[in-house]
A.B. asks: 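Would you mind keeping the following structure in view while I ask a few things?
Heavy atoms only: backbone and side chains are in, while hydrogens, waters and symmetry mates are out. Computed from a prediction, not measured in an experiment: that's the story for all the values here. Order of the sequence lines sets the chain letters (A, B, ...), proteins ahead of strands, with each chain counted from 1.
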2 protein chains.
Amino acid sequence: MTDLFPKKGHDHDRCIDSAIAQAEKVCEAENARFTDMRRKVFSLIWQSHKAVTAYELLDALQAEGQRVQPPTVYRALEFLTDLGLVHRIESLNAYFGCDQPDCDHLGQYFICTRCGRVAETVDEDVSIAVRKAAKQVGFKIEATTVEIKGLCHDCTTH
Amino acid sequence: MTDLFPKKGHDHDRCIDSAIAQAEKVCEAENARFTDMRRKVFSLIWQSHKAVTAYELLDALQAEGQRVQPPTVYRALEFLTDLGLVHRIESLNAYFGCDQPDCDHLGQYFICTRCGRVAETVDEDVSIAVRKAAKQVGFKIEATTVEIKGLCHDCTTH
DNA sequence: GGTGATATGTTATAATATATCATTTCTTGA
DNA sequence: TCAAGAAATGATATATTATAACATATCACC
Ligand SMILES: [Zn+2]
Ligand SMILES: [Zn+2]
Ligand SMILES: [Zn+2]
Ligand SMILES: [Zn+2]
């Protein structure tokens, strides 16, 4: 068993720094501008491993004294999700930071209903099973949403 | 290849009648009341094989002259989804009728982006792969959302 | 430095969902 | 049968999530 979720006392600053570094790389590769606002929103999303809502981000920005409106947040989120730097959790209407933005992320999301954290995996067996199921019914896949709710390992044992 | 989606010219009245008959059975078995409002909402959902939003249902009810408010629709939807007669498609904020309410529906949903129809499958291989992926990371599953968007067989060939 | 493209600001509003309390309808058992 | 309690619906208000439309600012490039 390898827990996808980070350990309790882990150095989260490293998560943040690494995520930002990766985001910079992706933006550069895509010739996309990692503006102050986008960087700010991205950092806020990475403050935890939980999914955050657009309005939580808005509140956080406003708490810092910025006069930000919803469209600003949604635009940043659109930019980040389009680049695969952030994923939207459909069943939560919330967003969280991708820790492997390089991969082609037809990912699956584990969502802990106790601690609220989200972890992403790109499980080949799941992908294969989904593709096979689609093929069996003559369905041409464009996108998949696989969201699994339950208890993370920490939350089952503590 | 067995298309999950109904044929174009199929007798949809039979779909509706059968769905209502099944719903009556389920409600009776659960000792739940299939009231006029719930039956009405259920029928409206079954007017097509597409997923419909709560407010589309509300509009349809109001168009019939009823003075219905959102809570009434959401209550009916909650009742129906709790019984497994209707499923919510998270990525669409919409609802559609289950055609196999007896099974334990850890189902997967195929959503055609062209014709808008939804079809449900309960694919064991997908379920197994998801359970295995969860086990590998020590995650205890409570619920799963598997929504697959793309083109149904009809829409790829016509 | 001027110009077009991109990003953000601003205002308004659309779309989805729920909280709360009042009223009606149903069930059930004295 | 009908009174009491439970369940469902009505009604009002509001919370939450998201986008449209147009103005302004910033950036990239020549
Ligand atoms: Zn971390
Ligand atoms: Zn947890
Ligand atoms: Zn039909
Ligand atoms: Zn189709």
A.B. asks: Does the ring of Phe34(A) carry Arg39(A) above it, NZ/CZ under 6.0 angstrom from centre and within 45° of its axis?
C.D. replies: no
A.B. asks: From Tyr109(B) OH over to Thr121(B) OG1, what is the distance, rounded to the nearest 0.5 angstrom?
C.D. replies: 10.5 Å
A.B. asks: Does Tyr95(A) reach a base, just sugar-phosphate, or nothing at all? Heavy atoms under 4.0 Å.
C.D. replies: sugar-phosphate
A.B. asks: Please state how far atom CD1 in Ile89(B) lies from atom C1' in dT16(C), giving the value in whole angstrom units.
C.D. replies: 16 Å
A.B. asks: Taking CZ from Arg39(B) and P from dT9(D), how many angstroms apart are they, rounded to a whole number?
C.D. replies: 12 Å
A.B. asks: Should the side chain of Tyr55(B) and the base of dA17(C) be counted as holding a donor-acceptor pair, with the cut-off at 3.5 Å?
C.D. replies: yes
A.B. asks: When hydrophobic residues are tied together by side-chain contacts of less than 4.5 Å, even through go-betweens, does Val118(A) share a cluster with Leu151(A)?
C.D. replies: no
A.B. asks: Taking for each residue the nucleotide of DNA chain C bearing the nearest heavy atom, is the 5' side occupied by Pro70(A) or by Leu92(B)?
C.D. replies: Pro70(A)
A.B. asks: Could you list the protein-to-nucleotides 22-28 of chain C atom pairs, N/O on both sides, closer than 3.5 Å?
C.D. replies:
none

A.B. asks: Check whether any side-chain nitrogen or oxygen of Thr35(A) sits under 4.0 Å from OP1 or OP2 of dT8(C), and answer yes or no.
C.D. replies: yes
A.B. asks: Arg88(B) CZ to dA15(C) C1': how many Å, rounded?
C.D. replies: 12 Å
A.B. asks: To the nearest Å, give me how far apart CG (Leu77(B)) and C1' (dA15(C)) are.
C.D. replies: 15 Å
A.B. asks: Counting only side-chain N and O atoms of Thr72(A), is one of them less than 4.0 Å from OP1 or OP2 of dT8(C)?
C.D. replies: no
A.B. asks: Atom CZ of Phe79(A) to atom P of dA7(C): distance rounded to whole Å?
C.D. replies: 7 Å
A.B. asks: Please state how far atom CG in Asp59(A) lies from atom P in dT17(D), giving the value in whole angstrom units.
C.D. replies: 10 Å
A.B. asks: Does Asp154(B) come within less than 4.0 Å of Arg117(B), counting only side-chain N to carboxylate O?
C.D. replies: yes
A.B. asks: Counting side-chain heavy atoms from CB outward, which of dT16(C), dA18(D), dG10(D) is closest to Thr53(B)?
C.D. replies: dT16(C)
A.B. asks: Report yes or no: is there a donor-acceptor pair, N or O only, under 3.5 Å between the side chain of Tyr74(B) and the base of dA19(C)?
C.D. replies: no
A.B. asks: Choose from dA17(C), dT10(C), dA18(D) the nucleotide whose nearest atom is closest to any side-chain atom of Gln69(A).
C.D. replies: dT10(C)
A.B. asks: By nearest heavy atom, map Pro71(A) and Asp36(B) onto DNA chain D; which one lands nearer the 5' end?
C.D. replies: Asp36(B)
A.B. asks: Applying side-chain hydrogen bond (donor to acceptor under 3.5 Å, both in side chains) to Thr113(A) and Glu142(B), what does each step give before you reach the verdict?
C.D. replies: CA-CA 9 Å; Thr113(A) 53; Glu142(B) 289 169 351; 2.9 Å; yes
A.B. asks: Output the rounded distance in Å from CE (Met37(B)) to C1' (dA11(D)).
C.D. replies: 13 Å
A.B. asks: Share the residues that join Phe110(B) in a hydrophobic cluster, the rule being Ile, Leu, Val, Met, Phe, Trp or Tyr side chains under 4.5 Å apart at the heavy-atom level.
C.D. replies: Leu4(A), Phe5(A), Phe110(A), Val126(A), Val130(A), Val137(A), Phe139(A), Ile141(A), Val146(A), Ile148(A), Leu4(B), Phe5(B), Val126(B), Val130(B), Val137(B), Phe139(B), Ile141(B), Val146(B), Ile148(B)
A.B. asks: Check the side chains of Lys149(B) and Thr144(A) for a donor-acceptor pair under 3.5 angstrom, ignoring hydrogens and angles.
C.D. replies: no
A.B. asks: Mind checking whether His12(B) and His49(B) have parallel, tilted or perpendicular rings, split at 30° and 60°?
C.D. replies: perpendicular
A.B. asks: So does Arg67(A) get a side-chain nitrogen or oxygen closer than 4.0 Å to the phosphate oxygens (OP1/OP2) of dG9(C)?
C.D. replies: no
A.B. asks: Using whole Å, report how far CG of Asn93(A) lies from C1' of dA15(D).
C.D. replies: 13 Å
